[in-house]
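Chain naming here is simple, since letters A, B, ... match the order of the sequence lines and numbering starts at 1 in each.
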2 protein chains.
Amino acid sequence: MSAEWDDLKTVLAVARSGTLAAAGADLGLNYTTVARRVQRAEAALGVNLFHRLPDGYRATDIGLLVARHAALMDQQADGLFRALQGQDQTLRGRLVVTAPQLLIGPHVAPVLEQFSEQHPEVEVLLRATNDLLDLNRREADLAIRISRTPGDTLMGVRLCEQQAASFAAKSVAKRLKDYPDAPVEWIVYEQSPKVPKAAMELYPNSKVRMVFDDMAAMVGAAQAGLGVVRMPMFLGRASEGLEQVPVLPPQPYADIWVVAHRDVWPSAKVKTFREMLVPWFKSHWDCFVSS
Amino acid sequence: MSAEWDDLKTVLAVARSGTLAAAGADLGLNYTTVARRVQRAEAALGVNLFHRLPDGYRATDIGLLVARHAALMDQQADGLFRALQGQDQTLRGRLVVTAPQLLIGPHVAPVLEQFSEQHPEVEVLLRATNDLLDLNRREADLAIRISRTPGDTLMGVRLCEQQAASFAAKSVAKRLKDYPDAPVEWIVYEQSPKVPKAAMELYPNSKVRMVFDDMAAMVGAAQAGLGVVRMPMFLGRASEGLEQVPVLPPQPYADIWVVAHRDVWPSAKVKTFREMLVPWFKSHWDCFVSS
DNA sequence: ACTCATACATGCATTTTCGCATGTCGCACA
DNA sequence: TGTGCGACATGCGAAAATGCATGTATGAGT
């Protein structure tokens, strides 16, 4: 009893994704091949690994056992590729960078441009997402993150501090100034769906008008004059048609970090990109805090 | 940058064995295939993994890095196969047993026979060696060992206690009795190449005549009348033409254990074999200690 | 009831991988 | 200096793995 490692990898992919087709997409294989590899693994191990259900493959108990161990192998494989990447002292090949969507336009794109001009042989792939990609699993090499901590096992450098404040369309701002006692209508973020406490103290008749799950949409809504939004300073300042309103005084906000896995940290591409970010943010600190 | 797991496994095998041919033998592949997989891995990773030397392949620094990580994957794979084996509740298929060569004839063979009669669908493979096979790496499923401890991470049951004593050919025994003051000539084991202390106290003019590195050869030498040998009681008694001589009084010797990896311990085949050994040794305890 | 989408099974042609035979190189030994 | 051995490189036919096309089953939606 023994089995080929690639078949184990395939079993893991199927156990994770639940269907042959999805596993095949993960592995860059046709799902037919995936099915056959699963069969081979089952024959080699002499056990059934999956229940064939109408809506896909579901791992049996033993299939789960195999998948659990294969996942550990997968972690080791990731460790290997990270270590190799950490060794890589060339400025050629691919570099995967991830950053929060809204930070990219104003403050990452310029560094990207500078980097790719100076190192044209590096192919930069930018993943613009608010999801925290898994740097352990090499979903990205380097991440720019807005966070209070650099992250568990990752290495990081703080790029700058930030403040948040309240912003609104010019028309709304004027109305607030003209009628200081009128109710303040907020558009708030789903993850903290209340009027900020400090604002409530200053303007007791503030109220939530809408709850959004997306900050870009909130900027749009603020621009359209739907209400007041709490957002990081840099974002309000960079958004056309918005102005800061004194409903919420500037308050601390999560810092901006550049982070990478410790294995990958010393690689030339990561090091170079990182060292280009630092001075840029240093020279633009005034975009992020109230002057 | 990424690579197939099977190619990593191949790189590991080459790094371990140093030549394509030996790695191929390990993996059950033709060495040509091994060479090609190494090439593929190098291409996929974009680095050189081996120095091509006239007498084989030697891993580069990066090759060593890859091999180190692949070895961790290999450990996980071993863990997987052990876990599967531990789950196996059938009494079919292969069971690999290892035991010290000299214990097999008198005390393991009978149990082997009994087991294979009761469970004819189990193919027992016996590895007769004094080397400690690596049960982590599944070189054997179950081991009978003469040792003071069951072994680090292994599970074990003590089969019986043992004593050692001095044995010699009948002619030598007679001479010892007739001439109690004549020098006693010993054949000693390389691993403790001295006359046993207790014997030296009783017979101060004992001396080492020969040093052997193999216990079977020592038995033969004793039978040929070359001298006195300290050996486990069971061995002296089971060896034609030897008799116990009072030069060395019976003294404690390492116990006999049956051990297995904890993962494999609960499997039906291991459990059944183990449970057959226990009563057999229990009923033959008098072969191992002086009555 | 019918249609559509999803997911898998199966047969066949193609591509890739594999093993064997042969050739080269370096080294030890006579 | 020649000879034999061990180890690898290379070319070619055989074998295996792969992808594509087609067919079947199930469940959702109309």
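- Rounding to whole angstrom units, CG of residue B/L20 and P of D/dT10 are separated by 13 Å.
- Nucleic acid contact class of A/R52 (heavy atoms, under 4.0 Å, all strands): sugar-phosphate only.
- We find that CZ of A/R58 is positioned 16 Å from C1' of C/dC8, with the value rounded to whole Å.
- Rounding to whole angstrom units, CG of residue B/L53 and P of C/dC27 are separated by 10 Å.
- Of the two residues near DNA chain C, A/A35 and B/N30, the one whose nearest nucleotide lies more 5' is A/A35.
- For the pair A/P54 and A/R36, nearest-nucleotide mapping onto DNA chain C gives the more 5' position to A/P54.
- An OP1 or OP2 oxygen of C/dT17 is reached within less than 4.0 angstrom by a side-chain nitrogen or oxygen of B/R40.
- Nucleotide D/dA16 holds its P atom 20 Å from the CG atom of A/L29, rounded to whole Å.
- The nearest whole Å value for the distance from the CG atom in A/D55 to the P atom in C/dA9 is 13 Å.
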Would you check, one step at a time, whether the test side chain to side chain contact (heavy atoms under 4.5 Å, CB included) holds for A/D263 with A/F81? CA-CA 9 Å; A/D263 293 349; A/F81 295 127; over 6 Å; no
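- Considering A/K271, A/R94, A/K269, A/R82 as possible partners of A/D88, the one that fulfils the salt bridge (Lys or Arg N to Asp or Glu O under 4.0 Å) test is A/K269.
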One pair to check against side chain to side chain contact (heavy atoms under 4.5 Å, CB included): A/I62 and A/N48. What are the steps and the verdict? CA-CA 7 Å; A/I62 292 198; A/N48 260 60; over 6 Å; no
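- Between the side chain of A/E4 and the backbone N or O of A/A41 there is no donor-acceptor pair closer than 3.5 Å.
- Taking atom CZ on B/R37 and atom C1' on C/dC18, their separation rounds to 9 Å, with Å as the unit.
- The residue A/Y31 sits close to a base: some heavy atom pair falls under 4.0 Å.
- Side-chain N/O atoms of B/T32 and base N/O atoms of C/dC20 include a donor-acceptor pair closer than 3.5 Å.
- Remark: P of C/dA9 and CD of A/E42 are 10 Å apart, rounded to the nearest angstrom.
- Atom CD in B/Q39 sits roughly 12 Å away from atom P in D/dC8 (whole-Å rounding).
- The 12-atom threshold is exceeded at CG of A/D55, counting heavy atoms of other residues, nucleotides or ligands nearer than 6.0 Å.
- Remark: A/T33 is in phosphate contact with D/dG19, judged by side-chain N or O atoms under 4.0 Å from OP1 or OP2.
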